[in-house]
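Taking it in order: structure first as structure tokens, then the write-up.
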Protein chains: 2
Amino acid sequence: MKLEDIASLAQVSKTTASRALADSPLVKDSTKELVKRIAKEHNYRPHTLASAFARKKSGIIGFCLLNKNNPSFGHPFFGPVLDGALEQARKDGYHIILAANSGDDYVFDEPFMQDCIEGVVLSSFAPAKAVREFKNRGIPQVLINDVLPTDNNTFIMDDNYGGAYRLMQHLIYEKGHRRIGFLTDRLSHTSYLLRYFAYIDAHRDAGIPVYTNPLLPQDDLAGGYPLTSDYFLNRYGYEDIPRIGSPMVVVGMRTNVAYEAIQRLIATGDVPSAIFAVSDSLAIGAIHALQEAGLRVPEDVAVAGYDDIISATAVTPALTTVRVDRKEIGRTAIRELEKLIAAPDLQSSVIYIENSLIVRSST
Amino acid sequence: MKLEDIASLAQVSKTTASRALADSPLVKDSTKELVKRIAKEHNYRPHTLASAFARKKSGIIGFCLLNKNNPSFGHPFFGPVLDGALEQARKDGYHIILAANSGDDYVFDEPFMQDCIEGVVLSSFAPAKAVREFKNRGIPQVLINDVLPTDNNTFIMDDNYGGAYRLMQHLIYEKGHRRIGFLTDRLSHTSYLLRYFAYIDAHRDAGIPVYTNPLLPQDDLAGGYPLTSDYFLNRYGYEDIPRIGSPMVVVGMRTNVAYEAIQRLIATGDVPSAIFAVSDSLAIGAIHALQEAGLRVPEDVAVAGYDDIISATAVTPALTTVRVDRKEIGRTAIRELEKLIAAPDLQSSVIYIENSLIVRSST
DNA sequence: TTGTATGCGTTATCAT
DNA sequence: ATGATAACGCATACAA
């Protein structure tokens with residue numbers, strides 16, 4: 001069943017049939033209904049590929065996960081983001097096609113990445129190279145979780161600063177902590193950097209000194225990487241934020257790395273009364289290490305995380321954390337991308353997605 | 001840059017240029033190289049849509065998640081399955097397009113679901129209606145996690161029976177348990193049914209009676225649903241497997257449902273020495289309930305799960321479980337689908353993916 | 001309000 | 001070994 005067949009059955013031209021099905025105002029209501037009825041009767045569906053080809057619009061949005069680590073969509077963060085993106089795209093009649101990679105070049109080998117997608121969502125850590133590449137090809141892009149100094153891009157971020165700041169308020173004012181350790185992955189990741197700003201500012205605003213442990217090795221908070229997010233350094237006036245001499249630093253997200261870091265902390269004999277871990281998985285590692293050393297959580301040491309992954313309720317005690325609205329991040333990314341597709345010259349902007357403090361038993 | 005441009009630059013016809021780029025043996029090596037060089041120099045890429053349209057092959061595989069529950073790809077099971085599928089599809093030059101739904105009809109509203117996908121992977125619980133629909137349209141399909149009595153389909157399943165049986169061996173022979181409770185979601189889910197078979201058989205083979213708790217309500221193990229998987233009932237000779245009077249039954253996957261079920265079990269005063277939960281999330285709920293009642297895991301009650309989700313290492317004690325190779329399930333689904341695309345009349349078959357027993361501290 | 005004719009970029013058919 | 005030409009199914013500029 002092709003358009004031609006429907007047209008001849010309805011005794012009209014292909015043009016009219018095409019218009020009728022597209023609800024064009026150019027077509028008389030009666031013929032419109034006739035064509036639609038016949039199409040329905042014969043279960044006619046326009047050939048998507050032909051249609052897309054003819055109108056030069058694929059209706060496809062690329063969703064890239066530029067992540068060197070496994071898993072990708074199995075990741076507790078990106079899976080839900082994808083769900084949200086899918087939901088929104090469906091509502092708006094777009095399709096989502098996937099690309100994930102291990103190398104930098106991968107997405108560009110993808111046929112649909114080359115000329116058929118109308119826009120692209122770059123999640124995780126997007127290399128500047130990829131951003132440039134898409135820009136060159138005139139493909140609108142929305143970035144998740146990072147901000148780059150580029151034009152005509154929209155950036156979607158969890159409100160890291162706000163969430164972390166509220167969590168710190170909870171620790172300081174509701175729980176009365178004044179010695180709060182900071183457990184982090186490298187700060188070259190924008191999200192962590194912002195959480196660190198909040199950690200610092202909350203101390204300053206409360207008039208208490210930041211906890212440091214001189215017995216711990218003075219690691220480079222950025223893990224030897226440059227702090228790429230100049231945008232935020234300037235925005236918050238942190239051009240010369242201290243990058244050496246943190247309370248404790250962990251490079252890598254694996255739970256057992258946090259576990260070992262906390263063991264080292266305990267070994268110094270100078271343990272803070274609370275620990276703010278930059279992610280739930282680090283927090284879980286911390287709890288395990290503390291408990292194994294005979295310390296009670298939260299009585300001896302309170303522990304808070306960030307993200308609210310599923311495992312946050314599997315640990316005992318259940319983790320106090322900041323719930324990131326991952327689905328909303330996905331939805332917003334698609335909505336913003338559609339704006340960009342409609343108006344490719346839109347100015348760059350950053351959109352912050354609200355989160356919420358989830359107080360459980362670990363603090 | 002279109003093919004025509006490359007052709008005229010190379011002083012050949014479009015036909016020759018097309019063949020050269022496709023490495024056709026019909027074209028002379030020297031011209032082949034010439035065309036390729038020019039194409040490369042001008043950074044030419046064939047227009048995927050046009051190519052797909054012309055050859056009547058979209059190169060797209062649909063991946064459906066027919067799941068009424070949220071999250072979808074954020075689910076600890078399906079995320080990794082998708083990762084595996086993506087990896088394999090990429091290797092083979094296919095694209096994956098996504099569909100998830102809340103209603104039964106959703107996938108059929110999707111344009112690409114209608115006529116452009118070359119095949120489809122149905123994961124989660126595929127309604128017979130959807131299977132029929134795709135069949136009618138001549139779209140080859142591979143099903144994950146279920147088996148239906150249909151022709152020309154391939155079914156990919158975790159080796160549920162084998163995994164559960166080995167886990168039971170561990171509990172019975174390595175740990176010496178003889179009173180093992182079974183904590184399950186409704187058995188109308190094929191995977192759980194198979195794990196139940198293994199649970200029953202392991203008892204029979206070891207010559208010990210199955211634990212039952214007469215003080216617990218005698219629930220219908222299928223949760224009032226028909227056991228759809230006749231395939232397995234017959235295959236294993238379980239036509240009249242007892243469906244009433246289970247040790248304990250939980251309907252629904254949520255952790256707190258398991259939590260409450262175990263509280264009821266404890267209230268009877270007749271607690272088994274071990275509990276085999278049909279999924280990790282149920283097992284985690286069980287552990288929480290036991291610990292809160294002052295029972296030690298594994299000293300008083302051992303608990304084992306199934307799946308090996310991330311949270312399995314977040315609980316204390318870390319969960320003994322069966323690791324399902326989710327990525328391999330995804331990979332295999334794509335590989336098998338490609339076979340089906342090549343030969344749509346292939347006979348139906350069931351493929352079991354190997355899993356592995358992960359012994360941790362909860363048993 | 002409707003129809004005719006052409007284009008979209010590639011691949012396939014059939015000659016040469 | 002190469003080329004001219006016809007599909008592929010739909011959308012639209014232009015004409016009526």
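Predicted model only: the values in this text are computed from it and were never measured.
Side chain of A:S13, nearest nucleotide from D:dA4, C:dT10, C:dT4: C:dT4. Listed candidates were C:dT1, D:dG3, C:dG9. Nearest to the side chain of B:K2 is C:dG9. Nearest to the side chain of A:K28, among D:dC10, C:dT10, C:dT1, sits C:dT1. Picking from D:dG9, C:dT2, D:dT2 the nucleotide with the shortest atom distance to the side chain of B:R19 gives D:dT2. Checked against C:dT2, D:dG9, D:dA4, the side chain of B:K56 finds its nearest nucleotide in D:dG9. Side-chain proximity of A:P46 to D:dA13, D:dC10, D:dT2: nearest is D:dC10. Comparing atom distances between the A:K14 side chain and each of D:dA11, C:dG9, C:dT2 picks out D:dA11 as nearest. For B:T15, whose side chain is taken as the heavy atoms from C-beta onward, the closest listed nucleotide among D:dG9, C:dA12, C:dG9 is C:dA12.
Atom pair B:L3:CG and C:dA12:C1' shows a separation of 13 Å (rounding to whole Å applied). The nearest whole Å value for the distance from the CD atom in A:E4 to the C1' atom in C:dG3 is 14 Å. Look at CG on B:L49: it is 12 Å from C1' on D:dC8, rounded to the nearest Å. To the nearest angstrom, P of D:dG9 lies 16 Å from CG of A:L21. A:L34 places its CG atom 16 Å from the P atom of C:dT1, with the value rounded to the nearest Å. Look at NZ on A:K32: it is 10 Å from P on C:dT2, rounded to the nearest Å. The nearest whole Å value for the distance from the CG atom in B:L26 to the P atom in C:dT11 is 14 Å.
Distances shown here put a side-chain N or O of B:S51 below 4.0 Å from the OP1 or OP2 atom of C:dT11. One finds no side-chain N or O of A:Y44 lying less than 4.0 angstrom from the OP1 or OP2 phosphate oxygen of D:dG9.
Open room surrounds CD on A:Q347; 12 or fewer heavy atoms of other groups in view lie less than 6.0 Å from it.
Classified by interplanar angle (parallel below 30°, tilted 30° to 60°, perpendicular above 60°), the ring pair A:F53/B:F53 is tilted. Taking the six-membered ring where the residue is Trp, B:F77 and B:H75 present perpendicular rings, their angle passing 60° and hence far from 30°.
A stacked arrangement is assigned to B:F53 and the six-membered base ring of D:dC8, with a centre-to-centre distance below 5.5 Å and an interplanar angle below 30°.
Of the residues near DNA chain D, B:T31 and B:A54, the one whose nearest nucleotide (by heavy atom distance) lies more toward the 5' end is B:T31. Taking the nucleotide of DNA chain D with the nearest heavy atom to each of B:R55 and B:V27, the more 5' of the two is matched to B:V27.
Note on B:K36 versus B:E33: no salt bridge recorded, every NZ/NE/NH1/NH2 to OD/OE distance being 4.0 Å or above. A salt bridge does not link B:R335 to B:E338: none of the charged nitrogens lies less than 4.0 Å from a carboxylate oxygen.
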